[in-house]
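Scroll down for the structure; my scribbles are underneath it.
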Protein chains: 2
Amino acid sequence: MSGKKLKAVEHPPVSAKRQHKADAKAATSHPPQRPRPLTRIQKEKQDIILEAALEVFSVHGFRGSTIDQIAEVAGMSKPNLLYYFPRKEEIHRRLIAALLDTWLAPLRDFDERGDPFTEIRSYIRRKLEMARDFPRESRLFANEMLQGAPRISEMIEIDLKALVDEKAKILLTWMEQGRLARTDPYHLIFSIWATTQHYADFDVQVRAVLGKGRNGDGRFEDAARYLEQLFMHGLSPKPRVNGSA
Amino acid sequence: MSGKKLKAVEHPPVSAKRQHKADAKAATSHPPQRPRPLTRIQKEKQDIILEAALEVFSVHGFRGSTIDQIAEVAGMSKPNLLYYFPRKEEIHRRLIAALLDTWLAPLRDFDERGDPFTEIRSYIRRKLEMARDFPRESRLFANEMLQGAPRISEMIEIDLKALVDEKAKILLTWMEQGRLARTDPYHLIFSIWATTQHYADFDVQVRAVLGKGRNGDGRFEDAARYLEQLFMHGLSPKPRVNGSA
DNA sequence: GGAAATTTTGACCAGTTGGAAAAATGTTAG
DNA sequence: CTAACATTTTTCCAACTGGTCAAAATTTCC
C-alpha cells in the first residue's frame with residue numbers, strides 16, 4: 001500500500017484486519033480503500049452519502065445528478081464527499097449493487113413447493129410493499145432501465161435472466177399440472193413487475209389521478225386488493241371459452 | 001413591445017437588437033416566433049430538432065441531456081439549433097405538449113356505448129401498439145414522471161384527472177350493470193397503463209430476460225395475448241347467475 | 001500530552017454547459 | 001443586381017461540472 005493517488009476502483013472487499021502503516025506513511029488522501037478495514041465512522045459517513053445519493057439519483061438519473069447536490073443533501077462539502085467516494089460513478093455503482101440484491105429477493109423466495117396462487121399473491125404483495133416502502137430504489141432502477149441499463153446490462157442479462165428462467169419454469173410446471181391458467185410465464189412475471197412498480201415510479205401520476213380525497217395511504221391497499229383480484233381471477237385455470245388453439 | 005399574443009417566457013434581458021420596421025417585425029435574431037407565420041423550412045428544421053431532442057431527452061431526461069447532444073443528433077451546430085429554439089426548456093416543453101395529446105388519445109376513445117370487454121381489449125391493444133411504435137415518447141413521459149412531473153403537474157392534475165374520472169365512471173356503470181367484475185376502476189386503468197408501458201420503458205430488461213432466442217418482434221404479440229387473457233379473465237363478472245343484463 | 005493518522009476545508013483547475021453577439025453566408029423578390 | 005430578410009457559423013463567456021491538492025482541524029492511540 002504505497003502511497004498512490006488513484007487506484008483502480010475497488011469494490012468493497014473489506015479484507016485485511018488492521019494494518020500498520022508499515023512502509024508508506026505518505027498515504028495520500030482517500031482512506032476508505034482496500035487496506036484499512038473501514039472504521040465505524042467511515043461506514044456511517046458512507047451510508048449518509050449513499051442515502052443522499054439515492055435521493056438525488058432516483059430523481060434525476062446519473063447524468064442529471066451532480067456531486068454538489070448529493071453533498072448538500074448529505075450535509076457535507078463536495079471534497080469531503082469525494083474523500084469517501086473518489087468518483088461519482090462509484091457511488092452510483094454501490095447503490096445499484098445494493099439495490100439489485102434486495103430488489104430480487106421477493107422473486108427468489110418464489111417457492112416451487114408452495115401453492116401457485118398463494119405464491120403469486122404473496123409475491124404481488126411483497127412487490128407492492130417494496131414500491132410503497134422503497135420508492136426511491138424503484139425509481140433508481142427505473143431510471144437505469146430507461147437509459148438502457150448501461151451499467152447493469154450484464155447483471156440483468158445473466159443473473160436476472162437466470163432467475164426468471166428458473167421461476168418461469170416453475171410457473172410452467174404449475175400450468176401443466178392444471179393448477180394455473182396456461183399462459184406465458186415470462187409476461188406473467190413482467191405484468192407483476194409492471195403493475196407493482198408503477199405505484200412507486202409513477203407515484204405523482206397515481207396521486208394526481210386519485211385526487212386529494214383518496215390518495216392517503218389507502219392507494220396501496222386498494223391496489224393490493226385490485227391486483228389480487230385481477231391476477232387471481234385472471235390466472236385461475238378456468239375452462240376456456242372455445243377458440244383457444 | 002408589440003406582436004405579443006400568447007403567454008411568453010422572456011426572462012432574458014436581451015431583446016430587440018436590430019428592429020428595423022417599427023411595425024411588428026421580428027424582434028431579434030430568432031425568427032421562429034410570434035409574428036412570422038413559420039415558413040415550411042422552419043417547420044421542417046423544428047421537426048428535425050424535436051426528433052433529435054426526443055431521442056436524447058427520452059434516454060437521459062431533461063437535466064441529463066445537453067443541447068450539444070441534441071444538436072449533434074439533429075446534424076447542426078448548437079448556435080444554429082438555438083436559433084430555432086432559444087431555450088432548452090422550450091424544446092422539452094414542445095415535446096411534452098405534443099406527447100400528452102397523442103398519449104391520451106386511446107383513453108379518449110374509450111366508448112361508453114361499446115361492449116366493456118371489447119373496449120378494454122382494444123384499449124390494451126392500442127396502448128401496446130403505442131409502446132411498440134413510440135417507445136421514445138413513452139420513455140420521455142416516464143422520465144418526466146420519475147422526476148415528479150415538475151413541468152406537467154397541472155396538466156395531469158387537471159386534464160388527465162378529469163379524463164380518467166370520466167372513464168372510471170363508465171367502468172363503474174358497467175360494473176353496476178354486471179357486465180364487468182366489480183373492482184376499482186382507477187386501479188384497473190393504472191394496471192393497463194403499467195403493463196403496456198412496461199414494454200417501452202423497460203425494453204432492455206424485457207429483451208434481456210426473454211433472451212436472444214425469442215425477443216424479435218414476437219414479444220409484443222406474446223404480450224398482447226397474455227394481457228388479453230389476464231384482463232379478460234381477471235375482469236369477467238363474478239360467477240353470478242346472470243345470463244345477460 | 002503529543003505524534004501519527006484521519007477527516008474536513010478552501011483554493012483551485014480543466015472541461016462542459018447553456019446561451020449571447022455578431023459576422024458571414026445564403027435566399028428571394030423587385 | 002441588390003436590398004431585405006433568413007439562416008448558419010465563429011467566437012466568446014460566465015456558471016457549473018467532476019475532480020485534485022495541500023493545509024488545517026480533528027480524532028486516535030500510545
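Note that these values count all heavy atoms, side chains included, but never hydrogens, waters or copies made by symmetry. The structure presented is a predicted model; accordingly, all values stated were derived computationally and were not measured. Note on naming: letters A, B, ... go to the chains in the order of the sequence lines (proteins, then strands), and numbering restarts at 1 for each one.
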d([atom1], [X]; [atom2], [N]) in whole Å:
| X | N | atom1 | atom2 | result |
| --- | --- | --- | --- | --- |
| A:Phe85 | C:dT7 | CZ | P | 13 Å |
| A:Lys88 | C:dT16 | NZ | P | 14 Å |
| B:Tyr83 | C:dG19 | OH | P | 18 Å |
| B:Leu82 | D:dT8 | CG | P | 13 Å |
| B:Glu44 | D:dT7 | CD | P | 11 Å |
| A:Gln46 | C:dT8 | CD | P | 12 Å |
| A:Asp68 | C:dT16 | CG | C1' | 14 Å |
| A:Lys43 | C:dT7 | NZ | P | 14 Å |

Residues 144-164 of chain B side chain polar contacts: donor-acceptor under 3.5 Å, at least two apart:
unit_1: B:Glu144; atom_1: OE2; unit_2: B:Arg151; atom_2: N; d: 3.2
unit_1: B:Lys161; atom_1: NZ; unit_2: A:Val209; atom_2: O; d: 3.4
unit_1: B:Lys161; atom_1: NZ; unit_2: B:Asp165; atom_2: OD1; d: 3.3
unit_1: B:Lys161; atom_1: NZ; unit_2: B:Asp165; atom_2: OD2; d: 2.8

* Which of residues 48-64 of chain B sit near DNA chain D, with a heavy atom under 4.0 Å from it? -> B:Arg63

* Asked: B:Met76 versus B:Ile49: any side-chain heavy-atom pair under 4.5 Å?
  ->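 Yes - at least one pair of side-chain heavy atoms lies under 4.5 Å apart.
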
* Structure fact -> What residues 70-81 of chain B contributes to the DNA chain C interface at heavy-atom separation below 4.0 Å is B:Lys78, B:Pro79

* **Sequence-distant partners of B:Arg125, salt bridge (Lys or Arg N to Asp or Glu O under 4.0 Å), two or more places apart** => B:Glu228

* Would you say C:dG19 has OP1 or OP2 under 4.0 Å from some side-chain N or O of B:Arg87? ->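 Yes, B:Arg87 has a side-chain N/O under 4.0 Å of OP1/OP2 on C:dG19.
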
* Asked: Does A:Lys45 make a side-chain N or O approach to OP1 or OP2 of C:dT8 shorter than 4.0 Å?
  ->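 Looking at the OP1 and OP2 atoms of C:dT8, one of them is under 4.0 Å from a side-chain N or O of A:Lys45.
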
* Counting side-chain heavy atoms from C-beta on, which of D:dG18, D:dT7, C:dG19 comes nearest to B:Gln42? -> D:dT7

* Structure fact -> With sequence neighbours left out, the residues meeting side chain to side chain donor-acceptor pair (under 3.5 Å) with A:Arg126 are A:Asp109

* Test side chain to side chain donor-acceptor pair (under 3.5 Å) applied to B:Glu55 - qualifying residues, sequence neighbours left out ->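 Side chain to side chain donor-acceptor pair (under 3.5 Å) list for B:Glu55, sorted by chain: B:Arg136.
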
In a table with atom names and distances, give each donor-acceptor pair under 3.5 Å that connects a side chain of residues 63-71 of chain B to protein atoms at least two apart or in another chain.
unit_1: B:Arg63; atom_1: NH1; unit_2: A:Gly64; atom_2: O; d: 3.4
unit_1: B:Ser65; atom_1: OG; unit_2: B:Val56; atom_2: O; d: 3.4
unit_1: B:Ser65; atom_1: OG; unit_2: B:Gly61; atom_2: O; d: 2.6
unit_1: B:Thr66; atom_1: OG1; unit_2: B:Gln69; atom_2: N; d: 3.0
unit_1: B:Thr66; atom_1: OG1; unit_2: B:Gln69; atom_2: NE2; d: 3.4

* Which pairs, with at least one residue in residues 96-105 of chain B and sequence neighbours excluded, count as a side-chain hydrogen bond (donor to acceptor under 3.5 Å, both in side chains)? -> none

* Structure fact -> When every non-hydrogen atom of A:Phe62 is compared with those of A:Lys88, the smallest separation belongs to O-NZ, 3.0 Å

Would you give me the side-chain donor-acceptor pairs under 3.5 Å for residues 192-202 of chain B, sequence neighbours excluded?
unit_1: B:Trp193; atom_1: NE1; unit_2: B:Tyr123; atom_2: OH; d: 2.8
unit_1: B:Thr195; atom_1: OG1; unit_2: B:Ser191; atom_2: O; d: 2.7
unit_1: B:Thr195; atom_1: OG1; unit_2: B:Ile192; atom_2: O; d: 3.2
unit_1: B:Thr196; atom_1: OG1; unit_2: B:Ile192; atom_2: O; d: 2.7
unit_1: B:Thr196; atom_1: OG1; unit_2: B:Trp193; atom_2: O; d: 3.2
unit_1: B:Tyr199; atom_1: OH; unit_2: A:His187; atom_2: ND1; d: 2.5
unit_1: B:Asp201; atom_1: OD1; unit_2: B:Ser138; atom_2: OG; d: 2.7

